[in-house]
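Predicted model only: the values in this text are computed from it and were never measured. One-based numbering along the sequence shown.
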Amino acid sequence: MARKPIIAGNWKMNMTKVEATALIEELKPLVVGAKCEVAICVPYTDIETAAALCKGTNIKVGAENVAWAEKGAFTGEISADMLLEAGAEYVIIGHSERRQYFGETNESVNKRLKTALAKGLKPIVCVGETLDQREKNRTKSVIRKQLVEGLADLTAEDVAKVVIAYEPVWAIGTGKTATSEQAEETIKFCRNVLAKIADRKTANKVRIQYGGSMNPKNVKELMAQKDIDGGLIGGASLKAVDFSQVVNYQD
Ligand code: PGA
C-alpha cells in the first residue's frame, strides 16, 4: 500500500494568536487541493485558535511537544489531554532543538511517545545527526540509537502509527539542505532500522519525512526519492505562499 505523504509545518516559537490567524486564513485557500496530508504544528497558545480556524478544512493541527505524565506536579508541561482538548491531532516529539536546549533524551522521547500513542495523538518523532557526528562518520550509529531507544517497547501496530522526521541538525534553519541522495540514503537506513525494531511490513508502512531547510525550490527533488514521504518544514512554514508551494510540490 502506498504511503500518503505528509507535509507538516513546525512553527517553533513563532506566531502570536493574531499572527497565527492571519497566516492560517491566507494558507487555507492555497492548500485546499493538496494531494498530500497537511499539518501545522504550532505553539501551545495557538492550538485552540488554529484548530477552530482549520475545522472542516484539509489542514490538521499539531503541538510541538507533550508531557509524558498524565497530570500533576510538572510545572511548565502540557498534557496530552490538554492538547487533545485544545484540538491537536499531531505532536512533534524529540525535535533537535528540544534535545539541544532542553535536555531531551532518547529516554524522555520514548516516555512522551508512549503517552502520545496511549492518548491517541499522532506522533512525529524527530531524529538526526549533528555536523560533528556526520563528519566523524557516526550518522548511522546515532540515528540507530535514537530510533531503537526512542521507539523502545512499542508494538508493531504502534510503530506503524508513528511518523519519523529525519532532520540532519546541520541542515535545520541553516539554508543548507541535505542532498536528495544524502536524505534518501539516511531515510532508507531509518526504514531498515524500523524493520529490525518491528518487521519489514510495518517499516514499509511508516511515513518518514525529511526536515532541514526544505523549501519550494528543493521539495520536488527530495520528494521524488523513493523513501521520503514528506517534510517537516520550519522557516518556510511561516509564510503562507512558501508553505503552500511546498505542500503543492506535485503541481
Ligand atoms: P527549517 O526547520 O525548515 O527551518 O530548517 C525544520 C525543523 O526544524 O523542523
Side-chain angles (χ1 to χ4, degrees), residues 3 5-14 39 41 62 64-65 90-106 108-110 113 123-151 162-197 203 206-238 242-243 246 249:
R3 299 180 294 266
I6 171 166
I7 303 281
N10 172 14
W11 286 7
K12 311 193 178 186
M13 197 174 73
N14 294 291
C41 297
E64 300 176 13
N65 195 10
Y90 279 92
V91 62
I92 297 173
I93 298 174
H95 189 276
S96 66
E97 286 147 20
R98 299 231 46 100
R99 295 178 190 262
Q100 194 178 345
Y101 306 127
F102 302 101
E104 195 79 62
T105 62
N106 294 337
S108 60
V109 166
N110 183 245
L113 175 59
I124 300 175
V125 175
C126 303
V127 299
E129 81 288 3
T130 62
L131 184 59
D132 183 56
Q133 289 162 339
R134 177 162 280 264
E135 284 172 348
K136 289 185 176 137
N137 253 330
R138 291 183 50 218
T139 299
K140 288 186 176 166
S141 63
V142 166
I143 288 172
R144 183 188 297 114
K145 197 165 153 63
Q146 287 173 334
L147 287 171
V148 168
E149 294 180 4
L151 273 61
V162 178
V163 174
I164 302 291
Y166 165 57
E167 302 200 299
V169 179
W170 47 272
I172 295 177
T174 57
K176 260 194 231 167
T177 325
T179 63
S180 48
E181 292 79 25
Q182 278 172 329
E184 170 65 12
E185 188 195 346
T186 314
I187 285 178
K188 200 174 175 172
F189 172 76
C190 291
R191 203 176 297 292
N192 289 336
V193 175
L194 293 173
K196 291 218 174 85
I197 292 172
V206 176
R207 293 181 295 177
I208 310 182
Q209 301 172 311
Y210 168 77
S213 301
M214 203 186 214
N215 60 42
K217 289 203 181 79
N218 58 32
V219 60
K220 228 183 173 131
E221 197 189 326
L222 286 159
M223 289 304 295
Q225 305 300 313
K226 201 170 143 275
D227 284 278
I228 303 183
D229 306 316
L232 188 56
I233 320 297
S237 74
L238 299 175
D242 288 3
F243 188 59
V246 175
Y249 66 93

Contacts of Arg134 meeting salt bridge (Lys or Arg N to Asp or Glu O under 4.0 Å) (sequence neighbours excluded), chain-then-number -> Glu129
Using the rule side chain to side chain contact (heavy atoms under 4.5 Å, CB included), only one of Ile233, Asn14, Asn10 pairs with Leu238; which is it? Asn14
Test item: Ile143 and Leu147 side chains (from C-beta on) under 4.5 Å apart, heavy atoms: yes
Taking every non-hydrogen atom, the tightest pair across Leu232 and Cys126: CD2-SG, 3.8 Å
How long is the gap from CD1 on Ile93 to CG on Asn65, to the nearest 0.5 Å? 7.5 Å
With a 4.0 Å cut-off on N to O distance, would you call Glu184 and Arg191 a salt bridge? no
Please report the C-alpha distance between Lys188 and Gln225 in whole Å, then the side-chain angles of each, then the deciding distance to 0.1 Å, and finally whether the side-chain contact (heavy atoms from CB on, under 4.5 Å) criterion is met. CA-CA 10 Å; Lys188 200 174 175 172; Gln225 305 300 313; over 6 Å; no
Using 0.5 Å steps for rounding, measure from the OH atom of Tyr249 to the CE atom of Met223. 3.5 Å
Just wondering, do Val162 and Leu194 contact through their side chains at under 4.5 Å, heavy atoms? no
Contact summary for Ala171 and Tyr210, nearest pair of heavy atoms: CB-OH, 3.6 Å
For residues Arg144 and Lys196, determine if any side-chain heavy atom of one lies less than 4.5 Å from a side-chain heavy atom of the other. no
How many angstroms lie between NZ in Lys176 and CG in Leu131, if you round to the nearest 0.5 Å? 6.0 Å
Roughly how far apart are Ile164 CD1 and Asp229 CG, rounded to 0.5 Å? 11.0 Å
Could you tell me whether Glu221 atom CD has more than 12 heavy atoms of other residues or ligands within 6.0 Å of it? no
How long is the span from the CG atom in Leu222 to the CD atom in Glu181, to the nearest 0.5 Å? 9.5 Å
Ignoring hydrogens and geometry, is there a side-chain-to-backbone donor-acceptor pair from Arg207 to Val163 under 3.5 Å? no
Test log, rule side-chain contact (heavy atoms from CB on, under 4.5 Å), inputs Phe243 and Ile7: CA-CA 9 Å; Phe243 188 59; Ile7 303 281; 3.9 Å; yes
State the OG1-CZ distance between Thr130 and Arg99, to the nearest 0.5 angstrom. 11.5 Å
Tell me, do Glu64 and Arg98 make a side-chain contact under 4.5 Å, heavy atoms counted? no
What heavy-atom pair brings Ser96 and Ile172 nearest, and what distance separates the two atoms? OG-CD1, 3.2 Å
Non-hydrogen side-chain atoms of Asp242 and Asn215 separated by less than 4.5 Å: no
Considering all heavy atoms of both residues, which atom of Val206 and which atom of Arg3 are nearest to each other, and what is their separation? O-CD, 3.3 Å
Please check this pair: side chain of Ser213 against backbone of Thr177, looking for a donor-acceptor N/O pair closer than 3.5 Å. no
Does the side chain of Ile208 reach to within under 4.5 Å of the side chain of Asp227, using non-hydrogen atoms? no
Looking at residues at least two apart in the chain, or sitting in another chain, which of them share a salt bridge (Lys or Arg N to Asp or Glu O under 4.0 Å) with Lys217? none
Nearest heavy-atom approach of Gly234 to Lys12 is CA-CE, 4.2 Å
Can you give me the closest heavy-atom contact between Pro168 and Ala178, atom names plus distance? CG-CB, 4.2 Å
Would you check, one step at a time, whether the test side-chain contact (heavy atoms from CB on, under 4.5 Å) holds for Gln209 with Met214? CA-CA 11 Å; Gln209 301 172 311; Met214 203 186 214; over 6 Å; no
Test item: Ile6 and Tyr90 side chains (from C-beta on) under 4.5 Å apart, heavy atoms: yes
Do Val109 and Glu104 touch side chain to side chain, with heavy atoms closer than 4.5 Å? yes
